K.L.:
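Right, I'll just put the structure down here and ask away after.
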Protein chains: 2
Amino acid sequence: MKLTEAEWQIMKALWAKHPATAREVMDRLPAGVKWAYTTIKTMLTRLVEKQAVSEAKQGNISVYDPLISQRGARLSAFRSLLETAFDGAMGPLVHFLVEEEQLTPKQKQELARLAQSQAQPKGERP
Amino acid sequence: MKLTEAEWQIMKALWAKHPATAREVMDRLPAGVKWAYTTIKTMLTRLVEKQAVSEAKQGNISVYDPLISQRGARLSAFRSLLETAFDGAMGPLVHFLVEEEQLTPKQKQELARLAQSQAQPKGERP
DNA sequence: GCCATACTACTACATATGTAGAAGCCGTTC
DNA sequence: GAACGGCTTCTACATATGTAGTAGTATGGC
């Protein structure tokens with residue numbers, strides 16, 4: 001499920017609160033995003049077509065719900081980046097991440113800590 | 001410098017060997033990619049317009065060179081993903097990376113190792 | 001009952017992206 | 001010197017994406 005930039009904005013608003021009406025989505029868009037109400041409707045309609053969002057009518061009002069999770073969306077966005085920009089392999093990305101800046105020392109530490117705890121699970125969990 | 005999927009293919013071929021003619025680029029595209037020669041030319045022209053690639057004439061033949069590095073392209077693709085899908089923060093991405101699968105245990109170990117070596121620089125640098 | 005709202009469906013349109021054909025120019029080969 | 005093959009520039013066109021207007025319809029307030 002590949003989302004476009006604009007679709008991400010809508011989805012984020014929906015994930016933040018759902019089910020939600022188009023108007024509610026509108027109210028939750030980041031301050032910078034100033035779209036016409038009908039633009040939001042268009043995006044929502046497209047997302048419904050894509051089956052990223054469900055639409056239910058309450059009376060004549062549409063109420064939307066995400067059908068894909070943020071995690072799922074992140075996963076596919078991430079995989080897509082990995083494919084096109086990093087030869088589809090984690091190796092180059094890990095290298096890039098750690099070597100080529102990006103991380104503050106603190107984040108590096110956290111990363112190291114997390115990675116380690118994952119790499120060597122002591123009392124593993126079912 | 002935002003590259004599209006197709007443009008990435010071209011750039012990868014160019015990074016692999018450059019300067020290169022359109023035909024050389026064509027020969028270096030991944031096996032799966034079967035584009036008409038003129039398609040490659042179109043992509044190259046667009047990349048030149050975008051200033052991602054330079055074009056020099058040798059006689060009547062165009063020879064292309066990347067103007068942006070793979071590293072640079074990766075960086076901006078990465079940042080773009082971070083922006084749209086991970087709230088622009090490394091935190092969520094690091095969490096995602098480590099928690100939400102993706103890494104083999106081996107990679108996690110490597111990541112931990114790399115991250116640690118970076119996180120605790122002994123003779124630090126200004 | 002009538003009006004102002006708010007909502008919906010449909011249509012529109014510019015720009016971006018993927019993909020390629022057509023036509024013309026030039027050097028190599030008989 | 002005519003034909004062939006390769007290169008170039010232009011043009012084309014479908015689909016995707018971003019963004020929104022218009023017109024019709026239902027609803028709550030007075």
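Chain naming here is simple, since letters A, B, ... match the order of the sequence lines and numbering starts at 1 in each. Bear in mind that the values here come from a model prediction, so they are computed numbers and not experimental data.
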K.L.:
Side chains of B:Lys2 and B:Ser80: does their closest heavy-atom pair fall under 4.5 Å?
P.N.:
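B:Lys2 reaches B:Ser80 side chain to side chain.
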
K.L.:
Between P on D:dG6 and CD1 on B:Ile40, what's the gap in Å once rounded to a whole number?
P.N.:
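Distance check: B:Ile40 CD1 to D:dG6 P gives 15 Å.
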
K.L.:
For the pair A:Glu7 and A:Lys50, find out whether any cationic side-chain nitrogen is under 4.0 Å from an anionic carboxylate oxygen.
P.N.:
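Salt bridge: yes.
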
K.L.:
Taking all non-hydrogen atoms of both residues, which atom of B:Val53 and which atom of B:Met11 are closest, and how far apart?
P.N.:
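Scanning both residues, the minimum pair turns out to be CG2-SD, 3.4 Å.
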
K.L.:
Could you run through nucleotides 16-28 of chain D and give me one letter per nucleotide, 5' to 3': B if any protein heavy atom sits under 4.0 Å from the base, S if only the sugar-phosphate is that close, - if neither?
P.N.:
-BBBBBB------

K.L.:
Find the distance B:Glu49:CD to C:dT15:C1' and express it as a whole number of Å.
P.N.:
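Value for this atom pair: 14 Å.
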
K.L.:
For A:Lys17, enumerate each residue passing the side-chain hydrogen bond (donor to acceptor under 3.5 Å, both in side chains) test, keeping only those at least two apart in sequence or located in another chain.
P.N.:
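Per chain and number, A:Lys17 pairs via side-chain hydrogen bond (donor to acceptor under 3.5 Å, both in side chains) with no residue.
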
K.L.:
I want to check something: taking the side chain as every heavy atom from C-beta on, are B:Trp8 and B:Thr4 in contact at a cut-off of under 4.5 Å?
P.N.:
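B:Trp8 vs B:Thr4: side chains apart.
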
K.L.:
With side chains defined as the heavy atoms from C-beta onward, is the minimum distance between B:Pro92 and A:Arg74 less than 4.5 Å?
P.N.:
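B:Pro92 reaches A:Arg74 side chain to side chain.
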
K.L.:
Kindly say if B:Lys41 contacts the phosphate of D:dT9, meaning a side-chain N or O under 4.0 Å from OP1 or OP2.
P.N.:
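Checking B:Lys41 against D:dT9: at least one side-chain N or O falls below 4.0 Å of OP1 or OP2.
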
K.L.:
Between A:Glu55 (CD) and C:dA9 (C1'), how many Å, whole number?
P.N.:
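So the two atoms are 10 Å apart, to the nearest Å.
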
K.L.:
Contact between B:Leu67 and B:Leu47 at the side-chain level, heavy atoms closer than 4.5 Å - yes or no?
P.N.:
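No; the side chains remain at least 4.5 Å from each other.
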
K.L.:
Counting just side-chain N and O atoms, does B:Arg23 come under 4.0 Å of either OP1 or OP2 of D:dC7?
P.N.:
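Indeed, a polar side-chain atom of B:Arg23 lies that close.
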
K.L.:
So which heavy atom on A:Leu14 is nearest to which on A:Tyr64, and how close?
P.N.:
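Answer, listing the atom of A:Leu14 first, then A:Tyr64: CD2-O, 3.8 Å.
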
K.L.:
So, does B:Tyr37 get its side chain near the phosphate of D:dT8, meaning an N or O under 4.0 Å from OP1 or OP2?
P.N.:
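B:Tyr37 to D:dT8 OP1/OP2: side-chain N or O found under 4.0 Å.
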
K.L.:
Which ones in residues 61-68 of chain B lie close to DNA chain C, meaning a heavy atom under 4.0 Å from one of its atoms?
P.N.:
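Heavy-atom cutoff 4.0 Å gives no residues at all.
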
